[in-house]
Amino acid sequence: MAPTLVDPFNDSSTLVEFVINQGTGVKGLSKLGLTALPKQYIQPLEERMCMTNIIPQGSIPIIDMSNWEDPKVAKSICDAASKWGFFQIVNHDVPIEVLENVKDTTYNFFRLPAEALEWKDYLSLFYVSKEEAFALWPSVCREQVLDYMKKSEVVIKQLLQVLIKGLNVNEIDEAKESLLMGSIRTNLNYYPKCPNPELTVGVGRHSDVSTLTILLQDEIGGLFVRGNKGGDWIHVPPIKGSLVINVGDALQIMSNGRYRSVERRVVANGSKNRILVPIFVNPRPTDMIGPLPELVANGEIPIYKQVLYSDYVKHFFRKAHDGKKTVEFAEL
């Protein structure tokens, strides 16, 4: 039997005033001690997480990066990007204390009083330069996030080198590196505990628009990815010290479909607050993305057109999360 809801807000304008205009966000709702979810957050039945569609023993690949140049490791990375679009890496070059520091600082940021935050349930930090970061980023998390991004850059370049070589493109020159990772953004995502988690979602099903996403999750769990055969969902279990890697739409397009982005979603939690800290590795807004010229020159028939990356991202953000439909924008 579905729970009986007593809506704590009279109408949408009351909710908007509290959550947005007053800057309290979902964190503010959670702190009210609500016993029922406001109706605006209740998802359609087809978008809720149906537990019967979860693969109980499923797992995305877990890859040991301690010898990342080994051909067997490289093949595992390329296979995972082709078949799954998601994998976890362990024994990588990002020190565990850096990962723990950025998780701690995320919780510290969201423990600040709401009036200091302009709180929107996530903090999005676009990296332009260290000088700009020190001028504009919140001091409570600035140094930890910068350290996380700097240390992760080594791993990002290792993964891209392996993946591009897997397309028989043997060199990442300066222009190609800029295309693959010319723009970097980090989010501090916060999911407060929810009174009716079964009726809503933390993040709806979608694929990322990035080249790669490097995702750090806490120990609570709740990240699910679409299985490589379609309909089922697989929980990505937290592994201490690991990073979750997922292929984004931009790499799917540039690889001419050889690597694939995959839907993911985050469930709400009824008992604990949780965090996710993704690094989005993107082309620059002014870049044109399409199948790499080397692939077309080798005789592949392109299945995607050249699109301006900023147009692609705008198309993603002007609509609700809708799985993998965004990539249709680039199809021929």
Side-chain angles (χ1 to χ4, degrees), residues 60 63 65 68 77 80-81 85-90 92-107 109-110 121-130 132-133 136-138 141-163 172 177-191 203 206-218 223 225 236 238-252 254 259 261-262 264 266 274-285 287 309 313 316-317:
I60 63 173
I63 299 173
M65 290 283 287
W68 68 274
I77 292 170
F86 262 87
F87 52 99
Q88 292 203 71
I89 58 173
V90 296
H92 48 74
D93 285 339
V94 186
I96 192 166
E97 60 267 23
V98 173
L99 303 182
E100 293 302 310
N101 286 344
V102 82
K103 287 193 290 187
D104 289 344
T105 202
T106 300
Y107 276 115
F109 177 80
F110 287 104
D121 305 317
Y122 65 90
L123 176 67
S124 194
L125 300 168
F126 288 82
Y127 182 80
V128 175
S129 68
K130 188 173 181 179
E132 182 179 278
L136 299 177
W137 291 10
C141 59
R142 180 176 55 219
E143 293 185 14
Q144 294 86 347
V145 173
L146 284 171
D147 196 27
Y148 173 47
M149 295 175 76
K150 180 180 180 181
K151 297 296 194 324
S152 296
E153 186 176 337
V154 176
V155 175
I156 292 166
K157 289 182 177 180
Q158 291 171 352
L159 291 169
L160 288 175
Q161 183 175 325
V162 168
L163 290 167
I172 299 182
E177 181 177 302
S178 180
L179 175 65
L180 293 166
M181 54 179 298
S183 175
I184 306 288
R185 172 169 60 94
T186 299
N187 271 18
L188 307 184
N189 294 343
Y190 180 68
Y191 306 91
V203 176
H206 69 286
S207 59
D208 289 342
V209 297
S210 57
T211 303
L212 290 177
T213 301
I214 315 300
L215 183 65
L216 173 64
Q217 57 175 339
D218 63 14
L223 172 66
V225 302
V236 181
I239 299 174
K240 189 176 180 62
S242 73
L243 291 168
V244 181
I245 312 298
N246 74 267
V247 172
D249 291 353
L251 185 56
Q252 175 172 321
M254 287 190 277
Y259 301 137
S261 60
V262 176
R264 66 182 179 96
V266 177
R274 65 185 299 266
I275 59 167
L276 290 174
V277 186
I279 297 176
F280 299 102
V281 181
N282 309 304
R284 295 166 302 183
D287 284 329
Y309 186 63
V313 174
F316 174 82
F317 281 108

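Every heavy atom of this structure was used, including side-chain atoms; hydrogens, water molecules and symmetry mates were not.
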Check your understanding: When you look at Asn246 and Val262, which way does the side-chain contact (heavy atoms from CB on, under 4.5 Å) test go after all the steps?
Key -> CA-CA 8 Å; Asn246 74 267; Val262 176; over 6 Å; no
Please check: side-chain N/O of [X] versus main-chain N/O of [Y], any donor-acceptor pairing under 3.5 Å?
X: His92; Y: Trp68; value: no
X: Tyr148; Y: Val277; value: yes
X: Asn101; Y: Glu97; value: yes
X: Tyr259; Y: Leu163; value: yes

How many angstroms lie between [atom1] in [X] and [atom2] in [Y], if you round to the nearest 0.5 Å?
X: Asp147; Y: Ser152; atom1: CG; atom2: OG; result: 9.0 Å
X: Asn189; Y: Thr106; atom1: CG; atom2: OG1; result: 8.5 Å
X: Leu188; Y: Thr105; atom1: CG; atom2: OG1; result: 7.5 Å
X: Gln144; Y: Glu100; atom1: CD; atom2: CD; result: 13.0 Å
X: Asp287; Y: Leu180; atom1: CG; atom2: CG; result: 9.5 Å

Worksheet item: Ile239 and Gln88: side-chain contact (heavy atoms from CB on, under 4.5 Å), yes or no, with the steps?
Response: CA-CA 9 Å; Ile239 299 174; Gln88 292 203 71; 3.7 Å; yes
Within-4.5 Å side-chain heavy-atom neighbours: [X] and [Y]:
X: Gln217; Y: Lys103; value: no
X: Val313; Y: Pro285; value: no
X: Val225; Y: Ile60; value: yes
X: Ile184; Y: Phe280; value: no
X: Ser207; Y: Val247; value: no

I need the minimum non-hydrogen distance between [X] and [Y], along with the two atoms involved.
X: Ser261; Y: Gln252; result: N-OE1, 2.9 Å
X: Tyr309; Y: Asn282; result: OH-OD1, 3.3 Å
X: Val281; Y: Met181; result: CG1-CB, 3.3 Å
X: Pro283; Y: Thr211; result: CD-OG1, 3.4 Å
X: Arg142; Y: Ala133; result: CD-O, 3.2 Å

- Go through the side-chain N and O atoms of Asp93 and Gln158 and say whether any donor and acceptor fall under 3.5 Å apart.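 Judged by distance alone, the side chains do pair up.
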>> I'd like to know if the side chain of Arg284 pairs up with that of Ser178 as donor and acceptor (distance under 3.5 Å, no hydrogens or angles considered).
In response: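 There is such a pair between these side chains.
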Leu212/Leu251 under side-chain contact (heavy atoms from CB on, under 4.5 Å): CA gap, chis, key distance, verdict:
CA-CA 7 Å; Leu212 290 177; Leu251 185 56; 3.9 Å; yes
- Task: Test Phe87 against every option in Leu243, Val244, Leu159 by the side chain to side chain contact (heavy atoms under 4.5 Å, CB included) rule and name the one that passes.
- Result: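 Exactly one candidate clears the test, Leu159.
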Partner of Val102 under side chain to side chain contact (heavy atoms under 4.5 Å, CB included), chosen from Leu146, Thr186, Leu216: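 Option passing the side chain to side chain contact (heavy atoms under 4.5 Å, CB included) with Val102: Leu216.
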**OP:** Take Thr213 and Ile245 through the test side-chain contact (heavy atoms from CB on, under 4.5 Å) and record every step on the way to the result.
**Re:** CA-CA 6 Å; Thr213 301; Ile245 312 298; over 6 Å; no
Q | Aromatic ring pairing Phe110/Tyr190, orientation class (parallel under 30°, perpendicular over 60°, tilted between) | A |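 If you compare the ring of Phe110 with that of Tyr190, the planes turn out parallel.
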